[in-house]
There are 2 protein chains.
Amino acid sequence: MSPISRRRLLGWTGAGAALAGVGAATGFAVGSTGGGTDAPASPGVVPFRGDHQAGIITPAQDRLHFVALDVTADDRDRLRALLQKWTTAAERMTAGAEAAPGGAVNLNPQAPPSDTGEALGLPASSLTLTFGVGASLFEKDGVDRFGLAAQRPPGLAELPSFTGDQIDPALSGGDLCIQACSDDPQVAVHAVRNLVRMGFGTTSVRWSQLGFGRTSSTSTEQATPRNLFGFKDGTRNLKAEDSAALEQQLWVQPGDGPAWLEGGSYLVSRRIRMHIEIWDRTSLAEQEVIIGRTKGEGAPLGAAAEFDPIDFGATGPDGQPRIPADAHIRLASAESLGGTKILRRGYNFVDGSDGQGHLDAGLFFLAFMRDPQAQFVPMQRALAKSDVMMEYIEHTSSAVFACPAGLGEGDYWGRSLLEP
Amino acid sequence: MSPISRRRLLGWTGAGAALAGVGAATGFAVGSTGGGTDAPASPGVVPFRGDHQAGIITPAQDRLHFVALDVTADDRDRLRALLQKWTTAAERMTAGAEAAPGGAVNLNPQAPPSDTGEALGLPASSLTLTFGVGASLFEKDGVDRFGLAAQRPPGLAELPSFTGDQIDPALSGGDLCIQACSDDPQVAVHAVRNLVRMGFGTTSVRWSQLGFGRTSSTSTEQATPRNLFGFKDGTRNLKAEDSAALEQQLWVQPGDGPAWLEGGSYLVSRRIRMHIEIWDRTSLAEQEVIIGRTKGEGAPLGAAAEFDPIDFGATGPDGQPRIPADAHIRLASAESLGGTKILRRGYNFVDGSDGQGHLDAGLFFLAFMRDPQAQFVPMQRALAKSDVMMEYIEHTSSAVFACPAGLGEGDYWGRSLLEP
């Protein structure tokens, strides 16, 4: 854990302390990087500004609070004012400070505290806040509410309905999204809650999802975690260290669409309920054949170690492919999908129980990519059609957001879109 | 984090490794203590057996998965067999091992794995599993299903309805409960999931609750955490170090009721939804007056530091009490309640959003005590009647469980009840 706490950072001494100008005085703004892979400026602090938004190739933190919001105001200036306010607060919080100068103990006790307080004393905890916009921000029910319809990027087309989808529209989509990742869930929840609070009167929460365990690595320095099927997940994930692949598969390039999204990325979210009770009654051999890897080591079937190259052509003594034709890792592989990869950044969840004697558990799939139509859609079509794993899962929520590039000094979330 | 991982503990080398007898060979059973306050036998391992169950006075871990189950079988022998199986698995998992020998990679690949696998490679993470039984186990709809009606302890009487309660019966009560606490949510979820799985055909999940941040300390060595109102919570909590008070207020004593519960404790759970959006619009001064403490330091109003003694008789310059008559800390104080204290062990939660633009957030109140009728009921009556905080909260789930004493060698959960 970082030794830098909100309290120490602010030199905060309790109610009534003179806190005016504390934001400026403590220098919480930290150095910029290319997106979070360099060593952070302070322990536990991920730089907020840079070429790309943090929280994409940043080594995946352990905990998530994701929120989708709708804009309830119809006024572009109000939206812009909120995005500016959000940006200032987000930068402060990722540095371990309160949401606003003065913190939970403002100078006027007759006013509500400017920070809700539950993260006081907690370190920055690698908090990242990643911002995106959904298709409905550009046009909703045929109305161009904010004069942005012409700026809608092609990747924000609606996803097709996939075989077996059980999507709940109330838990899908949204005008805006904020992904909060941290090593401390209280820090992630605090950040979302304070941003939601600032949005009162301009935005309202559409849906929100907590995740307790990351299911992918985004850096070669991270061990591969396990999903709730008990398997290592994301072994072949796109990684921060593969710069060439990131340009090709992750970051939106000049010419891909409107200029405001260049250097950004698309985020696809899918809440995947896992029927873990049924999975748990499946034999080990069947589980491994469905995935295409061993459960323990995570090695491709027929190989010995997790990162051994996969020989999709190899056959066993029976003449059948070692990795079955419908194995998950084959269907989702770059080899089967014309070279396509995505950067997965999902989380395990348990949302209580389902009222029918089972845990409501699964994987909240989050993936970043350059083009959802060319990358996610063919992959999900192949999986929905042939993946035996589909018998054990159910997609219950779906959304696509466009996440702009990183922020330069003085920038705010969405500036490239609102002030092109 | 502990260096002892499931993998290392078991010397587990991947699929096909000879794992027979691993449980016996690795000596995962650790030494007993009086309930978890002594130094653990291995880093990150809280001893499972002892005079009292672990997870009560054990220093509160950071994460929670709580599950209430109903017994679907009507057969006492099946119930006993499950409790024996659960105990073996629980002891293994708290020591950092898989739920059953053979783990996720059993010797027979045609059988389902005996452990679901998602905690492979993770350390024990201070996991504790605490077991309790509800009133409905003794009698349900007038039926004494397991021949236990005469053994029902007096503290398992139904709680009265309190002013403002919005209790959902489907999310309340339960024949059995298991409280899993850990410093790693994946470890807590893994434990509950594997126990639920073993119960298939004998029990089913009634309701379940995750908590991400502890809201109380149970040891003088822990800092006081903050709840989602942003205040330090549980400053005056009953602490593990106060042995005399534990006997008086926490542990069921001889003569309190049937002998099987001696040395145990009652657990009261209340899911308390907090209307954080409304709270966040309340002035700092009002928040502090409602609680009776300063928000920053957590000092009693009129005092300087968190642990300063509270002078409930002190008046301010205006002649009014410094701590208002209806302040939360006064109403809930031992001074107002004839000396009564309880051991709080609750957690913050966010369960997504409420469909009306707000986060579904709050505090999952868990408290252990010697007698719910004499301790929780008067306290909650006073709070429900006079606490201004009630305007900002809503109790949506309620349960009481009786948690037996700790296990000696060879004991299993519930033995004192089933084999008196």
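The chains referred to below are lettered A, B, ... by the order of the sequence lines, with proteins before strands, and numbering in each begins at 1. Fair warning: this is a prediction, and the values are worked out from it, not measured in the lab.
Ranked by heavy-atom pairs under 4.5 Å with chain B, the list A:Ile276, A:Thr72, A:Asp351 is led by A:Ile276. Taking chain A as the reference chain and counting heavy-atom pairs below 4.5 Å, the highest number among B:Gln356, B:Arg193, B:His358 is found for B:Arg193. Ranked by heavy-atom pairs under 4.5 Å with chain B, the list A:Pro185, A:Ala299, A:Ala361, A:Gly352 is led by A:Pro185. For the set A:Gly230, A:Gly117, A:Gly213, A:Ser283, the entry with the most heavy-atom pairs within less than 4.5 Å of chain B is A:Ser283. The choice from A:Ala285, A:Gly298, A:Ala223, A:Gly355 that makes the most heavy-atom pairs within less than 4.5 Å of chain B is A:Ala285. Ranking A:Arg206, A:Gln287, A:Gln209 against chain B, the residue ahead of the rest is A:Gln287, based on heavy-atom pairs under 4.5 Å.
Contact of A:Asn348 with chain B is made through the side chain alone, with heavy-atom distances under 4.5 Å. In this structure, chain A has no heavy atom under 4.5 Å from any part of B:Phe66. Only the side chain of A:Arg63 comes within contact range of chain B, judged by heavy atoms closer than 4.5 Å. Looking at A:Leu228, both its backbone and its side chain come within 4.5 Å of chain B, counting heavy atoms on both sides. For chain B, the nearby part of A:Thr282 is the backbone; its heavy atoms alone come within less than 4.5 Å. Residue contact with chain B, scored on non-hydrogen atoms closer than 4.5 Å, is absent for A:Phe349.
Of all the heavy atoms in A:Asp280 and B:Pro112, the pair that sits closest is O-CB, 3.3 Å. Taking both residues in full, the closest heavy atoms of A:Asp115 and B:Lys295 are given as O-NZ, 4.3 Å, listed atom of the first, atom of the second, then distance. Scanning both residues, A:Glu118 and B:Asn227, for their nearest heavy atoms gives CB-O, 3.3 Å. When all heavy atoms of A:Ser204 and B:Gly357 are compared, the pair lying nearest together is CB-CA, 4.0 Å.
We find the OG-CG distance between B:Ser353 and A:Leu171 to be 6.5 Å, quoted to the nearest 0.5 Å.
Counting heavy atoms from C-beta on, the side chains of A:Glu288 and B:Pro109 never come closer than 4.5 Å. For the pair A:Pro225/B:Gln186, no side-chain contact is recorded, criterion being any heavy-atom separation below 4.5 Å from C-beta on. No side-chain heavy atom of B:Glu277 sits less than 4.5 Å from a side-chain heavy atom of A:Val205.
Of the residues listed (B:Val192, B:Val67, B:Leu210), the one engaging A:Val350 in a side-chain contact (heavy atoms from CB on, under 4.5 Å) is B:Leu210, and it is the only one.
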